[in-house]
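Step one of this worksheet: look at the structure below.
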Number of protein chains: 2
Amino acid sequence: MPSLEQQYLKNYNIKDYELPLTTVDMCIFSIINQQLHVLLLKRNSFPEKNKRALPGGFIDLKKDSNIEATAYRQLLLKTGIQCPYLEQVESVGSQSRDPRGWSLTILYFALIDIQTIDQKLSPQSDWYAIKEAQKMPLAFDHAVLLTKAFERLKSKTCYTALPIALLPQKFTLTELQTIFEIILEKKLPVKSFRLRVQTAKVVKATGQTKISGKRSAQLYESTGLTADFYFPRPLQR
Amino acid sequence: MPSLEQQYLKNYNIKDYELPLTTVDMCIFSIINQQLHVLLLKRNSFPEKNKRALPGGFIDLKKDSNIEATAYRQLLLKTGIQCPYLEQVESVGSQSRDPRGWSLTILYFALIDIQTIDQKLSPQSDWYAIKEAQKMPLAFDHAVLLTKAFERLKSKTCYTALPIALLPQKFTLTELQTIFEIILEKKLPVKSFRLRVQTAKVVKATGQTKISGKRSAQLYESTGLTADFYFPRPLQR
DNA sequence: AAAATAGTGTCTCTTAGACATTATATA
DNA sequence: TATATAATGTCTAAGAGACACTATTTT
């Protein structure tokens with residue numbers, strides 16, 4: 001004989017309740033040509049057909065065992081890459097953000113190094129410089145989402161070494177500093193930047209050097225402490 | 001003649017898609033008897049009947065125009081209060097967290113001063129000290145949610161003046177420091193704490209004093225900068 | 001006066017930021 | 001050798017943390 005709880009669950013029907021349309025949207029950031037870029041897709045179906053949108057889509061209750069799985073699936077689908085830095089930003093939901101009805105999106109951002117993926121993007125997707133993307137009329141409330149994700153990235157750049165995820169495995173400290181400067185949209189003092197990352201042990205020298213411009217530079221790599229390391233003092237905004 | 005997009009929306013039926021069960025759950029924090037407490041409800045229906053759970057519930061697509069509205073509605077329903085500090089923590093969703101099916105919750109935390117509400121709680125709800133609550137077998141994954149919310153509170157206590165929201169409008173600096181110490185579970189140096197909050201201008205003296213113990217103390221109040229102010233240097237964890 | 005709580009003085013240490021200087025590679 | 005880029009030296013300022021000290025109230 002089934003328990004009361006088993007009976008309850010047997011009779012429970014999800015379709016009896018009205019639920020919000022739930023999606024996962026992603027800001028995939030990468031540095032291209034010394035500028036922060038974001039991946040946008042041109043929508044080829046209604047609603048908001050032909051407008052640019054953040055990559056994303058519905059949670060697939062069959063395929064995705066949790067929301068992060070949805071995010072990784074979308075990322076793989078759109079960029080062909082498997083394991084970048086992924087972070088949940090926040091969830092935005094309202095009656096009005098999608099004409100199809102009450103809808104909710106869980107916003108993530110990803111940091112990738114575009115050089116390390118040779119995968120060709122779908123013809124619908126393209127990289128846009130943040131500043132350009134923020135001027136374009138994006139689908140739904142994606143302009144707001146983009147700003148939220150960008151703000152989070154800027155904010156975390158002030159107190160973590162997160163931007164390392166935007167570089168190839170080996171990089172020079174000048175390259176790293178440049179990435180920080182691109183994100184924060186301001187110059188940083190060389191000496192204290194180097195002291196900061198080196199005393200924090202978020203990078204270690206590889207012994208190798210890189211000859212790109214004039215004098216060759218030391219190549220560094222992440223120590224792997226990046227994800228959870230917080231600098232003792234944040235950079236000024 | 002309707003446009004193609006209008007036709008698409010007319011034929012669009014939400015019920016054609018499988019959607020996650022979406023709820024908003026809340027950690028309502030308050031200081032009682034010099035300890036951080038959280039409001040828990042005893043569930044009186046399946047599933048997880050009779051277990052303690054965080055207050056929360058389904059988004060009401062008719063009543064709630066956005067997710068924050070759901071959070072405020074739940075808060076009013078459970079505590080009778082209207083305008084405390086409310087912050088979204090994160091969203092957690094998976095196949096397995098609820099026996100009814102794929103479910104998603106958007107987790108918020110609220111900070112209230114229990115003294116300022118004379119509202120009686122429903123007989124199902126009760127305050128538990130964090131340490132006690134973390135030892136109890138909570139419904140669903142609410143133990144994990146509780147820990148996430150507590151972690152966020154601790155973390156923000158290190159670089160903002162957020163705990164002010166746990167106090168009545170007027171308070172002494174010693175009271176404020178005590179709240180910080182309760183949350184961070186460690187003693188703080190008196191001199192630098194006072195310097196910190198005063199130079200940051202997150203509190204201002206009211207001119208009034210409070211006679212509670214021996215020597216009377218100055219009463220301060222929030223300057224309202226609390227929400228977005230970040231101290232230039234975080235407290236150590 | 002004693003005790004308890006409120007509040008200040010002063011020192012050290014760390015680290016961001018400013019700015020000058022040196023080092024090393026290429027052309 | 002000139003030049004550009006890489007990297008270091010040295011100083012200042014701000015603020016956290018430690019610890020000793022003073023102030024004010026009640027009993």
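Keep in mind that what you see is a predicted model, and the values were worked out from it rather than measured. Quick note: numbers below take in every heavy atom, side chains included, and nothing from hydrogens, waters or symmetry partners.
- Ion pairing between Lys154(A) and Glu185(A) holds under the 4.0 Å rule for side-chain N and carboxylate O.
- Between the CZ atom of Arg194(B) and the P atom of dG15(D) there is a distance of 18 Å, rounded to whole Å.
- Note: CD (Gln198(A)) to C1' (dG9(D)) measures 15 Å, nearest angstrom.
- Here the CD1 atom belonging to Ile112(A) is positioned 8.5 Å from the CG atom belonging to Leu166(A), to the nearest 0.5 angstrom.
- Contact between Leu54(A) and Leu146(A) at its shortest, heavy atoms only, is CD1-N, 4.4 Å.
- Summarising the geometry of Tyr220(B) relative to Val203(B), their closest heavy-atom pair is CD2-CG2, 4.0 Å, with the distance given to 0.1 Å.
- Atoms OG1 and CD1, from Thr22(A) and Ile59(B) in turn, are 7.0 Å apart once rounded to the nearest 0.5 Å.
- Atom CD in Gln236(B) sits about 12 Å away from atom C1' in dC13(C), given to the nearest Å.
- Comparing dA18(D), dA18(C), dA7(D) against the side chain of Lys191(A) picks out dA18(C) as the nearest.
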Would you tabulate the nitrogen or oxygen pairs shorter than 3.5 Å linking the protein to nucleotides 23-27 of chain D?
residue	atom	partner	partner atom	Å
dA23(D)	N3	Arg215(B)	NH1	2.5
dT24(D)	O4'	Arg215(B)	NE	3.2

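- Listed pair Ser192(B) / dG15(D) fails the phosphate criterion, with no side-chain N or O lying under 4.0 Å from OP1 or OP2.
- Using cut-offs of 30° and 60° on the angle between ring planes, the pair Tyr159(A) and Tyr230(A) is tilted.
- With dT8(D), dG9(C), dG17(C) as the choices, the nucleotide that has an atom nearest any side-chain atom of Leu235(A) turns out to be dG17(C).
- Here the nucleotide nearest the side chain of Arg196(A), chosen from dG9(C), dA7(D), dA16(C), is dA16(C).
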Atom pairs, protein N/O to nucleotides 11-14 of chain D N/O, distance under 3.5 Å:
residue	atom	partner	partner atom	Å
dA14(D)	N3	Arg233(B)	NH2	2.3

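- One interatomic measurement links the two molecules: CD of Gln218(A) to P of dA25(C), which rounds to 10 Å at whole-angstrom precision.
- The pair Glu181(A)-Lys187(A) meets the salt-bridge criterion, since a charged nitrogen lies less than 4.0 angstrom from a carboxylate oxygen.
- Regarding Arg237(B), its CZ atom lies at a distance of 17 Å from the C1' atom of dA16(D), rounded to whole Å.
- Between Leu173(A) atom CG and dA23(C) atom P there is a gap of 19 Å when expressed in whole angstrom units.
- Residue Lys187(A) contributes atom NZ, which lies 15 Å from atom P of dC19(C) at whole-angstrom precision.
- Mapping Tyr220(A) and Pro234(B) onto DNA chain D via the closest heavy atom, the residue that lands nearer the 5' end is Tyr220(A).
- Here the CD atom belonging to Glu68(B) is positioned 11.0 Å from the CG atom belonging to Leu75(B), to the nearest 0.5 angstrom.
- Atom CD1 in Ile32(A) sits 11.5 Å away from atom OH in Tyr128(A) (nearest 0.5 Å).
- Relative to the side chain of Val190(A), the nucleotides dT8(C), dA7(D), dA18(C) differ in distance, and dA7(D) lies closest.
- Look at CZ on Phe193(B): it is 13 Å from P on dA6(C), rounded to the nearest Å.
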